[in-house]
Number of protein chains: 4
Amino acid sequence: MRKAILIIQCPDQKGIVAAVSDFLYHRGGNILEVDQYVDHEAKRFFMRACWELDSFALDRDQILSEFEEKVAGRFEMSFTLHFNDPKIRMAIFVSKLSHCLFDILARHHSGQLEVDIPLVISNHEDIRGVVEAFGIPYFHIPVSKDSKKKAEQRQLELMREHEIDFVVLARYMQIISPEFIQHFPNRIINIHHSFLPAFVGAKPYHAAFERGVKIIGATAHYVTEELDAGPIIEQEVARVRHHNSISELVSIGQDVEKVVLSRAIKSHLDRKVMVFRNRTIIFY
Amino acid sequence: MRKAILIIQCPDQKGIVAAVSDFLYHRGGNILEVDQYVDHEAKRFFMRACWELDSFALDRDQILSEFEEKVAGRFEMSFTLHFNDPKIRMAIFVSKLSHCLFDILARHHSGQLEVDIPLVISNHEDIRGVVEAFGIPYFHIPVSKDSKKKAEQRQLELMREHEIDFVVLARYMQIISPEFIQHFPNRIINIHHSFLPAFVGAKPYHAAFERGVKIIGATAHYVTEELDAGPIIEQEVARVRHHNSISELVSIGQDVEKVVLSRAIKSHLDRKVMVFRNRTIIFY
Amino acid sequence: MRKAILIIQCPDQKGIVAAVSDFLYHRGGNILEVDQYVDHEAKRFFMRACWELDSFALDRDQILSEFEEKVAGRFEMSFTLHFNDPKIRMAIFVSKLSHCLFDILARHHSGQLEVDIPLVISNHEDIRGVVEAFGIPYFHIPVSKDSKKKAEQRQLELMREHEIDFVVLARYMQIISPEFIQHFPNRIINIHHSFLPAFVGAKPYHAAFERGVKIIGATAHYVTEELDAGPIIEQEVARVRHHNSISELVSIGQDVEKVVLSRAIKSHLDRKVMVFRNRTIIFY
Amino acid sequence: MRKAILIIQCPDQKGIVAAVSDFLYHRGGNILEVDQYVDHEAKRFFMRACWELDSFALDRDQILSEFEEKVAGRFEMSFTLHFNDPKIRMAIFVSKLSHCLFDILARHHSGQLEVDIPLVISNHEDIRGVVEAFGIPYFHIPVSKDSKKKAEQRQLELMREHEIDFVVLARYMQIISPEFIQHFPNRIINIHHSFLPAFVGAKPYHAAFERGVKIIGATAHYVTEELDAGPIIEQEVARVRHHNSISELVSIGQDVEKVVLSRAIKSHLDRKVMVFRNRTIIFY
């Protein structure tokens, strides 16, 4: 089924739901999902509407301008329009740890993730074998202090060549430059291996062990310039006990990382994530 | 703030959201919350809309008939209309175990539950003291095989006298008769001390121990004629281990029961629970 | 059943388990529970053994010296000996929020907590009524900047008068002085309303809302001089979503606080908590 | 490090811990882990002890007989002795759904599971590619009503040829015969895609949907003759809501299945699972 998805935010006021649903109804749109949220503090309105395209009166390229004219202008909306085809094109960046990558590939292989994965980029050679067994091209781009800038140029070239829409850092242990981030605003998802904002930065499992916490976690967030401070998409936790060594924390935590990252990817692919003031609204 | 809440279900079709939101918008309704759900399998539409009364063009007693005429008839809707005042009047039934009762009373005392509690009914005398310390009348109605029918008559009288809207069985260890249930369809909430449908009936913690489960749970559901088979409102679980005795399961489980029951009560009071084919739709 | 509990820590070495279990066996001790843990990193051994007193060859006051002579000296053990009677005497400090206090009182009332509660101390009058309904003396000791020192003197007097063994801060919103803490080393439990180490200090629910976390939590820890930095005993979390307001976070979080605090109290009362390098070992 | 693991159960009585720890201590055994549990109801004692072999006075083949003579006979113990090398040899059976299989292979590949996987057996061809990419032989043994007996003969031959110690049914959709089970008592782990004992048998996600549960789960258990009724090793759950379709339940549930199965495998490989009266004791 071909679907359109409209993502809207604007100042809160009366009549928005009526205006949007009228717009779709009078053009034959069969609404499949509609969600709205009002941030009463900030007086801001958020909406996601998904409808069938087949019975809809407008062609794809007419929707934007007509919606702008009839509805969006009146309410000072900022909005985006998406379709469920063609599929989103997702690049995966990874270093040496393969658990998140394999988890994504296995989900993709089983049809659980509606996405194209044109390439995997790594700063190491280690995981090439299995990635290629899944039929996905593997690019090894080493990164050192000196080569960092050049490596990122090469990465950006590959993004362009493969028409990448969004990027997943599946335990990629290099910091992404502000320039790279600007190409993909709120379109780079990172998995951080702690329950943010606790344990920002490197070696969070060591820090968790030292502090003696009884629960560890993982956080998927959009990458912004400030390290580990971007809008949080998903978090999950697992219980640990005094007898768990750091390497056991790592192992328990990896199960959490996989689940958190895959849920965040799923929400992003379904266009269910909106960002406002460094917080996410997630419809589901 | 005075609010109205409209709860709707009807066959799914185009234009429902538009019709309802138009209706409210054109009468000056400021929508605070709107949620909808479509059961695509059953082709059934569900909606909950909540709006401010103060700026609304219609008086309370006009809303029903005008909505019937302008919207509901057209879509074959069954719907109910509620207001956030006066408060719902809730009776609590309890036997000897006080943990759920105390939990509700403490929440009520702290202002967390927007409800009036005109009375507590028990088939035992045990808990009178603390209930009365919370300022709530306590009625002791003993129940034996022979007196069961008469006891229920007395309970129903008290329900009428105190204009009770809905009933919470906070570990009330007597079976409610079909006659009593008919007075409160989907308005009696029971807490069952297992993760239904596992361990229906008496002594679920014993049964859980025997089966060697690693997780126990509790279930809040509306009471129907079939024992422990009514629509599930809320469930929660807790992890247990081989060394936990049955009495430890009871103790761990009681914490789960309290949380589950209070969440179910909250959802019910907020008019966020709808029932369809023995399943609940819960907006939140 | 009268029980003795021995809590041991010492440098790790061969033969400790054999020595302790031999000591108990040859004096007729029927071991009910024995747990041990080795911190291989720190090369440190921890043990908890619990046995029946009735069949035991030694009188209570002989155990310490004989265990010292026969076992503890040889292994450089630091150890403590406890009995399950008389009951531990616990003071509760509280400010205005009553949810944790009521939860403890309800558990105590139902026999779930094996403890004596000789008094509740509050810097406010608000909760006197229900506390006294539970039959527990309520002491109102106001605290202001100027009166803080004097208030603490009064508190310490009451601790002595009532022979208090340990103190629970059930949402007591005053900072405890180092002097007070010295009287109760690892014997003051505080409930902090965040998932530490995230959101140390005041207004953690506000901070959690601002950061846009998807999970909130609570932490029970022993009070040390550094604020919210003492050894963590128990943590638990709850999921939240974008639409939850700060006051909903507070309400969801209070359920977590209650459970976390009561579990920590239970572990402490059962002598199942050991502290080493600001971390807890918890046998259960 | 070479380790020995002793697993003991016997009638409860005084002196067992002393006898076992003495036995190990006097032969130079450095105990790494020791856990014990008493089922006070059944008056039965359970113990697991793990110690370093390098400093131990006995050769591997002397331990059994000497322990039998000096300790086990006296206490009517039934016991087994294990070593951490060579690795356990595990066969995986799978049908068409690959999520559990891939999860195990990825863990094995990353070194998280200390086990040899000599082969994967499937009644379908579908997953051959990726299994072989992981370097593991794949045997396709179709099963029909008529060929079932013969297929099982072939499976047993492969078990013998590859010296298989234990078997994992990673969503293998065929019933295992009593004869096959007899070859691997408490050494076949199945993952059932429901929170047992709820929803025994086929299509548990459909049944969960129909009943309207708010939480779904998965259960890993040893296979016994009675379907889905063997000793439970591990369970985990996930929250679902009214809007989740059956296929979403499947997808959410698969994440739970993977985690549950891998934890059960880990506990089994570490020799931390004991079975008594259809319940498991799990030391960790």
Side-chain angles (χ1 to χ4, degrees), chain A residues 35-41 46 194-200 204 207-222 228-247 256 260 263-264 267 272-284, chain C residues 35-41 46 194-200 204 207-222 228-247 256 260 263-264 267 272-284:
Chain A
D35 289 284
Q36 62 107 40
Y37 163 65
V38 178
D39 182 334
H40 291 288
E41 203 82 5
F46 303 86
S194 86
F195 184 79
L196 288 176
F199 311 126
V200 166
F209 182 86
E210 283 308 314
R211 182 60 188 93
V213 295
K214 299 302 184 187
I215 290 175
I216 59 172
T219 305
H221 63 94
Y222 287 123
D228 299 334
I232 293 171
I233 307 167
E234 175 63 330
Q235 301 187 291
E236 191 51 271
V237 295
R239 190 161 280 276
V240 295
R241 290 187 55 199
H242 63 268
H243 58 66
N244 291 124
S245 63
I246 291 176
S247 73
V256 181
V260 167
R263 284 189 204 149
S267 294
K272 293 192 167 172
V273 187
M274 303 183 71
V275 173
F276 179 64
R277 293 187 180 168
N278 209 43
R279 305 172 69 232
T280 59
I281 290 105
I282 300 190
F283 293 125
Y284 61 103
Chain C
D35 290 284
Q36 61 107 40
Y37 163 64
V38 178
D39 182 333
H40 291 289
E41 203 81 7
F46 303 85
S194 86
F195 185 82
L196 290 176
F199 311 125
V200 166
F209 182 86
E210 283 308 314
R211 182 61 188 93
V213 295
K214 299 302 183 187
I215 289 175
I216 58 171
T219 305
H221 63 92
Y222 286 123
D228 299 333
I232 293 171
I233 306 167
E234 175 62 331
Q235 300 187 292
E236 191 51 273
V237 295
R239 190 162 282 276
V240 295
R241 291 187 52 201
H242 63 268
H243 58 66
N244 291 123
S245 63
I246 292 176
S247 72
V256 181
V260 167
R263 285 188 203 148
S267 294
K272 293 192 167 173
V273 187
M274 303 184 71
V275 174
F276 180 64
R277 292 186 179 168
N278 210 44
R279 305 171 70 233
T280 59
I281 290 104
I282 300 190
F283 293 125
Y284 61 103

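These numbers were taken from a predicted model, which means no experiment stands behind them. Sequence lines set the chain letters: A, B, ... in the order given, protein chains first and strands last, and positions in each chain run from 1.
Note: Tyr37(A) and His242(C) have perpendicular aromatic rings, judged against thresholds of 30 and 60 degrees for the angle between ring planes.
Looking only at heavy-atom pairs under 4.5 Å with chain A, the residue among Arg211(C), Glu236(C), His243(C) that has the most is Arg211(C). Of the listed residues (Asn278(C), Val237(C), Thr280(C), Val38(C)), the one with the most heavy-atom contacts under 4.5 Å to chain A is Thr280(C). Most heavy-atom pairs under 4.5 Å with chain A: of the set Ala229(C), Ser245(C), Gly217(C), this distinction falls to Ala229(C).
If you measure heavy-atom distances from Glu210(C) to chain A, the contacts under 4.5 Å come from the backbone alone. With a 4.5 angstrom heavy-atom cutoff, Arg241(C) touches chain A only via side-chain atoms. Looking at Phe209(C), both its backbone and its side chain come within 4.5 Å of chain A, counting heavy atoms on both sides. At a 4.5 Å heavy-atom cutoff, the contact between Phe195(C) and chain A is made by side-chain atoms alone. The part of Ile233(C) that comes within reach of chain A is its backbone (N, CA, C, O), which places non-hydrogen atoms under 4.5 angstrom from that chain.
The shortest heavy-atom contact between Val260(C) and Ala220(C) is CG1-N, 3.4 Å. The minimum heavy-atom distance linking His221(A) with Ile232(A) is given by the pair CB-CA, 4.0 Å.
The pair Glu234(A)-Lys214(C) does not count as a salt bridge, with every side-chain nitrogen at least 4.0 angstrom from each carboxylate oxygen. Checked for salt-bridge contact, Glu41(C) and Arg277(C) miss the test: no charged N lies under 4.0 Å from a carboxylate O.
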### Query
Checking side-chain contact (heavy atoms from CB on, under 4.5 Å) for the pair Asp35(A)/Phe46(A): CA distance, chi angles, key distance, verdict?
CA-CA 8 Å; Asp35(A) 289 284; Phe46(A) 303 86; over 6 Å; no
